[in-house]
Amino acid sequence: MEWLTAPFEATFVQRALWGGILVSAICAPAGTWVVLRGMAFLGDAMSHGLLPGVALAALLGGNVMVGAVASAAVMTAGVTALGRAPRLSQDTGIGLLFVGMLSLGVIIVSRSQSFAVDLTGFLFGDVLAVRQQDLLVLAAASLAALAVSVLGHRAFLALAFDERKAHTLGLRPRLAHAVLLGLLGLAIVASFHIVGTLLVLGLLVAPPAAALPWARGVRGVMALAALLGATATFGGLLLSWHLSTAAGATVAALAVGLFFLSHVLSGLRNRRARHAPAPYSKSTERSLRRSS
């Protein structure tokens with residue numbers, strides 16, 4: 001079993017594992033609502049919308065996390081404002097913000113001739129470079145995500161299935177939507193420096209989507225999604241170590257692989273259930289006797 005434990009004897013791999021587990025815990029609640037509400041495109045747009053803030057912070061020698069938070073706040077405010085436009089569909093507004101923020105980020109990057117390496121890290125992340133202070137930030141973010149999910153669960157649930165009913169119940173769906181966007185932004189900001197913006201959807205969407213056929217209730221989906229994300233992190237780091245592949249990309253690819261495996265197994269289970277004979281019981285026996 002040395003091949004299973006050898007990679008995790010290295011301190012930087014241990015930090016990467018804990019970082020991935022914490023990111024999975026952050027992404028699970030946000031990703032569950034993304035899957036239930038069909039907001040994957042919004043998640044992709046918000047992850048790429050971080051580029052202007054990150055690029056500007058790096059260009060000025062500031063903290064890239066602060067820049068990412070600023071961009072996430074701008075994206076959240078923009079999506080919320082455009083969502084209230086009566087003649088503009090939400091997808092159109094998100095697409096315009098996506099292109100606008102990404103273009104602004106590229107313009108800022110083009111002003112620097114030495115930003116290529118940092119941009120690569122922004123796009124693809126570096127899970128093996130997680131530091132101790134990063135783990136503390138991720139732990140705080142996971143607690144914040146848990147608190148928001150618990151406090152806003154009823155409003156999020158009503159918003160996901162019937163926005164008009166949420167309004168009738170006095171749950172303020174517009175405010176709930178804005179808070180949900182903030183939760184999504186928190187997950188993306190906390191995750192982008194681990195797996196990068198191009199791969200963040202792997203941990204944000206794939207685990208909840210894989211958990212959906214097996215869990216009962218929204219909370220069950222969140223719990224199973226966190227477990228699947230942690231499994232993808234462990235397996236991805238293990239494969240990356242032995243196959244000498246990019247760690248973040250391997251983690252994200254394994255998360256997507258778990259999604260496809262989950263739905264294949266779910267399809268086989270449903271097919272078997274359709275062809276299984278009805279369970280024989282005493283009530284069935286009595287009905288057969290009466291009919292004879």
Side-chain angles (χ1 to χ4, degrees), residues 17-44 46-47 72 76 127 135 137-163 165-166 169 171-173 175-192 194-195 199-236 251-252 254-263 265-266 269:
L17 177 61
W18 280 111
I21 291 173
L22 289 171
V23 166
S24 299
I26 298 168
C27 288
T32 297
W33 298 117
V34 165
V35 171
L36 291 177
R37 298 196 64 201
M39 296 165 54
F41 176 56
L42 174 60
D44 189 32
M46 288 192 69
S47 64
T76 299
V127 68
L135 294 179
V137 172
L138 289 174
S142 64
L143 291 176
L146 179 61
V148 172
S149 299
V150 171
L151 295 175
H153 180 80
R154 186 165 176 258
F156 296 159
L157 190 63
L159 184 65
F161 294 102
D162 194 338
E163 185 173 346
K165 187 173 182 179
L169 294 174
L171 296 176
R172 304 179 67 181
L175 177 61
H177 182 68
V179 174
L180 185 57
L181 291 178
L183 179 62
L184 177 59
L186 173 66
I188 292 172
V189 169
S191 306
F192 87 91
I194 303 296
V195 293
L199 304 174
V200 68
L201 281 186
L203 288 179
L204 186 67
V205 176
L212 207 56
W214 306 97
R216 293 184 178 180
V218 175
R219 291 187 179 91
V221 174
M222 292 179 182
L224 185 54
L227 179 61
L228 290 173
T231 301
T233 300
F234 179 84
V251 169
L254 188 55
V256 175
L258 288 176
F259 159 74
F260 285 111
L261 178 62
S262 169
H263 280 263
L265 293 177
S266 175
R269 179 194 62 177

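Counting from 1, the numbers follow the sequence of the chain as shown. The figures that follow rest on heavy atoms only: side chains count, while hydrogens, waters and symmetry mates do not.
Residues meeting the side-chain contact (heavy atoms from CB on, under 4.5 Å) test with Arg219, sequence neighbours left out: His153. By the side-chain contact (heavy atoms from CB on, under 4.5 Å) test, Ala187 is found to be paired with Ile26, Cys27, Ala30, Leu204, residues two or more places apart in sequence or in another chain being considered.
Under the side-chain contact (heavy atoms from CB on, under 4.5 Å) test applied with Leu228, the options Pro208, Pro207, Ser262 reduce to a single match, Pro207. Applying side-chain contact (heavy atoms from CB on, under 4.5 Å) to Val179 and the options Leu151, Leu159, Leu184, Val148 leaves one that passes, Val148.
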Query - Verdict with supporting geometry, Leu181 and Leu42, side chain to side chain contact (heavy atoms under 4.5 Å, CB included) - result: CA-CA 9 Å; Leu181 291 178; Leu42 174 60; 3.2 Å; yes
Query raised in the report: Does the side chain to side chain contact (heavy atoms under 4.5 Å, CB included) test come out yes or no for Met39 and Met46, once each step is laid out?
Result: CA-CA 11 Å; Met39 296 165 54; Met46 288 192 69; over 6 Å; no
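Shortest non-hydrogen contact noted between Phe156 and Leu183 is CE1-CD2, 4.4 Å. Considering all non-hydrogen atoms of both residues, Ser266 and Trp214 come closest at N-CZ2, 3.6 Å. Scanning all heavy atoms of the two residues, the minimum distance from Leu203 to Ala255 falls at CD2-CB, 4.3 Å. Here the closest heavy-atom approach between residue Leu22 and residue Ser142 is recorded as CD2-OG, 4.1 Å. Taking both residues in full, the closest heavy atoms of Thr231 and Leu254 are given as O-CD2, 4.3 Å, listed atom of the first, atom of the second, then distance. Of all heavy-atom pairs between Val200 and Ser47, the closest is CG1-CB, 3.5 Å.
For the pair Trp33/Val218, a side-chain contact is recorded, criterion being any heavy-atom separation below 4.5 Å from C-beta on. Looking at heavy atoms from C-beta onward, Val34 lies out of side-chain contact with Phe41 at the 4.5 angstrom threshold.
Within a 6.0 Å radius of CZ in Arg269, more than 12 heavy atoms belonging to other residues, nucleotides or ligands are found.
The structure places NE2 of His263 at 11.5 Å from CG of Leu258, a figure rounded to the nearest 0.5 Å. Between the OG1 atom in Thr32 and the CZ atom in Arg37 there is a gap of 13.5 Å [rounded to 0.5 Å].
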